[in-house]
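All values below were derived from every heavy atom in this structure, side-chain atoms included, with hydrogens, water molecules and symmetry-related copies excluded. All ligand and atom numbering here is 1-based and tracks the order in the structure.
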Amino acid sequence: MRNLWLLLVVLPFLLSCTKKDDSTVATKSMPPELVVGTDAAYAPFESENADKSVEGFDVDVIQAVADKAGFKIKIINTPWEGLFNQLASGDRDILISAITINSERKKVMDFSEPYFEAVQLIALPLKSKVTKFTELRGLKIGVQTGTTGDEVVSGLLGKTDLNIKRFEGTPLALQELVNGGVDAVVADNGVVNNFLANNTKAFKTVADPSFAKEHYGIAVKKGNTELLNKINAALQAIKKDGTYQKIYDKYFGKK
Ligand code: ARG
C-alpha cells in the first residue's frame, strides 16, 4: 500500500525525467550544419557550375562523409589564399580542397586520413624540349600561390626567383600557358590533366620521378578531434561500402 503510494508520487517525476533526457538526446543528435570551405577553381575536384553551386570529386566525397556521419553541410567557395585562416578563425568548420597533407600545414590544422593520392605534373607546349624538372631552370614557370606546386618550383629556383609566376588559381596559371605568357606550369596531376583534356591538344605533360607522392586530406580546426574522428570513421565506411569507389569512377574512370 505504502509502495503503491510512493510509486504514484514518484512515477510522474520519473517520467518527466525520461522526457527531459529524450529531448536532450534529440537536440544533440540533430545534425548541425557544418560550413565547408573549398577553392572551387580546381576541376575535377571542385568547380563552380552555371548556377554557382560547387561540384566535383571533393564535393561528392564530403557529402558522402557527411551523410554517413550524420551531419549537414553547406559548401562555400573560398579563395585558396586565406582558406586556411578561415578554418583557424572558425568561419569554416571543414576544408576539402585537394589539400596536400604536409608537416607545415599540420602545425595549423588537423587532417583526416588521406582520401586521394596525387603528384605534381609539368604542363608544357608540345614543341618544348623540356624532359625533366631541372630543365625548367631559366624558364618562366606558372604556379598557384601557396600550393605544393609553388613549393617544389621554389625549391628548384629559390623562392624569390622572378621566373616564378604566381597566380591566384591553377586554371589562371594554365590559361597563361595557353596564352604563351609562361613556358610551363607545375601543378597537381589531376587538375593539369583535366584542364589540358578540356582545353587544347597543343600541350604535353612531363612527370618527374623527383616529385614526391602527395596525399589529400580533409582538414578541421586544430584540436577538433570530435569532428575529425567522425570524418575518419565515415571515410572508412564509404571506402568499405563502395561509395568512395563509385565517386572515384565517376570522375577518374575505373582504375
Ligand atoms: N594539392 C595542392 C596543395 O595542397 C593544391 C591544392 C589547390 N586546391 C585548390 N582547390 N585550389 O597545395
Novice: Mind checking what makes ring pair (Phe, Tyr, Trp, His ring centres under 6.0 Å) contact with Phe167, not counting sequence neighbours?
Specialist: none
Novice: Can you sort out the partners of Tyr115 under ring pair (Phe, Tyr, Trp, His ring centres under 6.0 Å), two or more places apart, ordered by chain and number?
Specialist: none
Novice: Got more than 12 heavy atoms from elsewhere within 6.0 Å of CD, Glu117?
Specialist: yes
Novice: Under 3.5 Å, is there a donor on one side chain and an acceptor on the other for Asp188 and Gln120?
Specialist: yes
Novice: List for me each residue that meets ring pair (Phe, Tyr, Trp, His ring centres under 6.0 Å) alongside Phe84, sequence neighbours excluded, and say none if there are none.
Specialist: Trp80
Novice: Any side-chain heavy atom of Leu136 within less than 4.5 Å of one from Val130?
Specialist: yes
Novice: Listing by chain and number, which residues have a heavy atom under 4.0 Å from ligand 1?
Specialist: Asp39, Tyr42, Glu46, Trp80, Ser97, Ala98, Ile99, Thr100, Arg105, Gln144, Thr147, Thr148, Asp188, Tyr216
